[in-house]
Structure formats: C-alpha cells, structure tokens
Amino acid sequence: MKDPSSGFATRAIHHGYDPYAGDGALTPPIHVSSTYAFQTAESGGRRFAGEEEGYIYTRLGNPGTRLVESRIACLEGAEDAVVTGSGMGAVSALLWTLLRPGDELLTDQTLYGCTFSFFHHGLQEFGITVRHLDLHDPEVLRSAIGPNTKGIYFESPANPNMRVVDIAGVSKIAKEAGLWVAVDNTYCSPYLQRPIELGANFTVHSATKYLSGHGDLIAGVVAGDSETMTRVRMFGLKDMTGACLSAFDAHLVLRGLKTLALRMDRHCASAMSLALWLKDRPEVERVYYPGLESDPGHEIMKRQASGFGGMIAMDLKGGHDAGLAFINRLKLFTRAVSLGDCESLVQHPASMTHSTYTPEERLRHGIGDGLIRMSVGLEEVIDLERDLEQAFGRL
Ligand code: PLP
C-alpha cells in the first residue's frame, strides 16, 4: 500500500498488491504450485534456515497466502499474520507454538465449543493447565496469575452468549505480569475491533466467517508480532498442525476482504434493528446483544469497538422446547451453524456448536439450554423481521 494512512476499506481492497507491477492483472493470480524451485542447493538451505527470502513449499506459504496475510495484518494493526486452513487451525497453531507442558493458560467463562474442547481435551491432555476466570473482575485476574501462567485467551464478544471482555483492561494487567494476550476477534472482524491496538498481543479469527463472508470456504488467521508469527508459521503451522490454507481459498478470502466494511455496516445495522424489536416481544425472555443499552457488555463494547456486530442470541420464555419449535418455524433464516454469511442463519448452541460441553459445563459457563443463536445476514431487514414474526405467531 503506497499510502498507509488510507482508510480501512481502501486498505482492504488495495494493501499489498500493485496491479501495475506484474502483467497488469487487476485481480492477483492464484498460485497453485505446491513447491518452489531453489536456484541452488545452498539457496534452499538458506531459505529453510530463515536466512534468505523466498518460498519453499505451500504449507509454509506462497505469494497468494502471503498477500492475504499482509492485508489482514495491515487491517488488524499487526506486524504480520499467518493464514491457516480453518479457524481451529489458527487457534491450535498459535497455542501449540506458545505453550509447553507445565504452563498455565487463563481464559474467560465462555468459548466457542471446539475451542473449549481443544483446551480441555487437547491442551489439558498434554500437560497444560487451563483455568476459566471471570475476566470482568480485575482482582480475580490479578490474584489468579501464578508462576506458571503464560497467557490469557478469550473471545469478545464470546460465542454464543455475547459476553464482552474489556480488552484494554485485561491486556494492561497481563502486560504488568509479563503475560501475552490472545483475542478471538471472529465476531467483530478488524473493521469493528482491533485488539492489538487495545494492547493485546495476538488476534485469531475463523476467516470462514465475516472476513470471507460468503459461506463458501473454511479458513483461519492469526496476527501478531513478526517474530512470533515466524514461529507460528515454522512450527505451529509447518510441524504441529499442517493446517495450511489452499491457494483457491486464499483467493476467496482476499475477495471477501474487499467488501468487509460494506458488509459489516449492514450486519450491524440489521442486527441492531432486530435486537431492539426482539427485546419488546412478549415471547422473549432475554436478548443478548451488546448494542442494547441494557446489555452488560454495552459500555465496554462502545469503548473498544466501532459497532456491535451481526450476532444476536436470545432465550425464549418457553425455554428449550419453545426455542427449538421457533427455530423449526423459521423460513428465511436458514437452520445452520457458522456465521457471518450473506444468508441469515439460526442454530441451537446447546445441541450443536456447544455440544462439546457437558450439560453441567454449559450451565457453569453461561450457555443456557434454550439459547438460540442468530447470525443476521444481508437480506432486507424487514423480511427478516417478518420471518421472526411469523415464527413467533405460530408458537
Ligand atoms: N472461533 C470462533 C469464535 C468461532 O465461531 C469458530 C467457528 O465457528 C472458530 C473459532 C473455529 O473456526 P473454523 O470453523 O473456521 O475452524
């Protein structure tokens, strides 16, 4: 990008690629080569040793994935980034790089179901202690930090109950104690929230979601300082997970980024409008959306993000059975997991995305049995409201 002071949408479209520099292609080519030629044997050795620039093998990156990485790093305000074959690939490549047996990881109450499972059935099984805290309370965090604590990992807002964590507040305490902070920024995307600018060290994303935005690929990314990103690439990605992104999917993520700003504005506006409408419905027990002034995360989110996102959760008065019946009656919302797509999606976390928790764990971690999660898409909001209305009407 010639002008780094350009606005977000401009950087999302242009950063890192000059159409005049190559053969004039407006859209960067897709690099399908699995491997890269070395001019000499010595040159290959130097590339492996990190002493020479150049590509080696696509599991470690190629021109297409490097372009997506530099563009996302620029949008996140990070020095560098590593793209992966899934969001779970990003979470695991980062944490396998940073943690060793005997280390302790602190986290908040609520995590995406597979991240929760990775922490408890992956990391813990390999000798890493994972402790859930209430990160809303600075004293709880300060007193939990022990000699083996290495880092803090959380989502904000969290999937699925929209818990908001004060990124700057937690990062300040972490920094004083010499810990790193990693934030799963999937729900916001860097358009709304940039954790590294707020003091965190790393962000991870399921790029399957808003970053690509069209429900046609699985991808992930981790962003942070250059030195750690090189370690993530050369160990977490290369040796530990092998979770590299395909050349075709790198192209699709890049394409998605070009409309990220536009899409996020629409997701936010529609979700806010539906949340306001839902909170007054007699069938609704509680709406979880930090855009609502009554939401416990509202003030923090107003400070740390430029919008409240496109995700809403809610409990219905009839609990679990009413929730499932409501989901079954929706016609325009598609019954499906995932989020951040053009299509509005609805799902039941307790039996779907968060079924990796036991019922007791869900109770402890604030994921109700009747909770419904909605990803508000890009359709006309009036059509979405009509769909919700007809589903309520038939309850
Ligand atoms: N983090 C969050 C908050 C998610 O919602 C998801 C997936 O739903 C992931 C990580 C994992 O991403 P992926 O499905 O791309 O592996």
Side-chain angles (χ1 to χ4, degrees), residues 68 72 76 81-96 107-123 153-165 167 182-190 192-193 195 200 202-223 236-237 240-246 249-250 252-253 256 267 288 290 297 305 309-313 334-341 343 345-357 365-367 371-376:
V68 186
I72 293 176
E76 282 281 4
V82 177
V83 286
T84 53
S86 69
M88 286 315 299
V91 175
S92 53
L94 177 69
L95 295 182
W96 285 135
T107 185
D108 191 49
Q109 294 294 319
T110 310
L111 292 168
Y112 165 59
C114 296
T115 305
F116 182 84
S117 178
F118 171 57
F119 283 14
H120 289 275
H121 310 129
L123 295 177
Y153 181 102
F154 59 89
E155 301 170 4
S156 187
N159 182 356
N161 60 11
M162 311 297 294
R163 256 177 82 87
V164 173
V165 173
I167 299 171
V183 181
D184 184 328
N185 200 26
T186 299
Y187 262 39
C188 276
S189 89
L192 300 180
Q193 176 174 277
F202 311 110
T203 61
V204 297
H205 283 272
S206 169
T208 311
K209 313 296 180 344
Y210 292 108
L211 294 182
S212 57
H214 292 75
D216 50 9
L217 63 93
I218 301 286
V221 63
V222 41
L237 177 61
M240 292 299 280
T241 64
C244 61
L245 185 64
S246 88
D249 289 343
L252 290 176
V253 176
H267 285 299
Y288 303 76
M311 298 299 295
I312 302 177
T334 302
R335 284 175 290 282
V337 296
S338 203
L339 58 105
D341 295 332
E343 296 81 0
L345 307 176
V346 62
Q347 66 112 4
H348 176 238
S351 64
M352 299 175 191
T353 50
H354 292 68
S355 56
T356 50
Y357 290 63
H365 293 273
I367 303 160
L371 193 76
I372 296 169
R373 191 191 80 180
M374 290 177 287
S375 170
V376 178

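Atoms within each ligand, like the ligands themselves, are counted from 1 in listed order.
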Side-chain donor-acceptor distances from residues 209-223 under 3.5 Å, at least two apart:
from	atom 1	to	atom 2	distance (Å)
Lys209	NZ	Ser206	OG	2.9
Ser212	OG	Ala207	O	2.7
Ser212	OG	Thr208	O	3.3
His214	ND1	Ser212	O	2.9

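Shown here are the side chain to side chain donor-acceptor pair (under 3.5 Å) partners of Thr186, two or more places apart in sequence or in another chain: Asp184. With sequence neighbours excluded, the residues forming a ring-ring contact (aromatic ring centres under 6.0 Å, His included) with Phe116 are His120, His132, Tyr357, His365, listed by chain and number.
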Could you check ligand 1 for N or O atoms lying under 3.5 Å from protein N or O atoms and list the pairs with distances?
from	atom 1	to	atom 2	distance (Å)
ligand 1	1 (N)	Asp184	OD2	2.6
ligand 1	5 (O)	Asn159	ND2	2.9
ligand 1	8 (O)	Lys209	NZ	2.7
ligand 1	12 (O)	Ser206	OG	3.0
ligand 1	15 (O)	Gly87	N	2.8
ligand 1	15 (O)	Ser206	OG	2.8
ligand 1	15 (O)	Thr208	OG1	2.6
ligand 1	16 (O)	Gly87	N	3.0
ligand 1	16 (O)	Met88	N	2.9

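Paired with Pro160 under the rule side chain to side chain contact (heavy atoms under 4.5 Å, CB included), one option of Ile367, Ile372, Leu339 passes, and it is Ile367. Of the candidates Tyr112, Trp96, Tyr153, Trp96 is the only one forming a ring-ring contact (aromatic ring centres under 6.0 Å, His included) with Phe118.
Between Thr356 and Cys114, the shortest heavy-atom contact is OG1-N, 4.2 Å.
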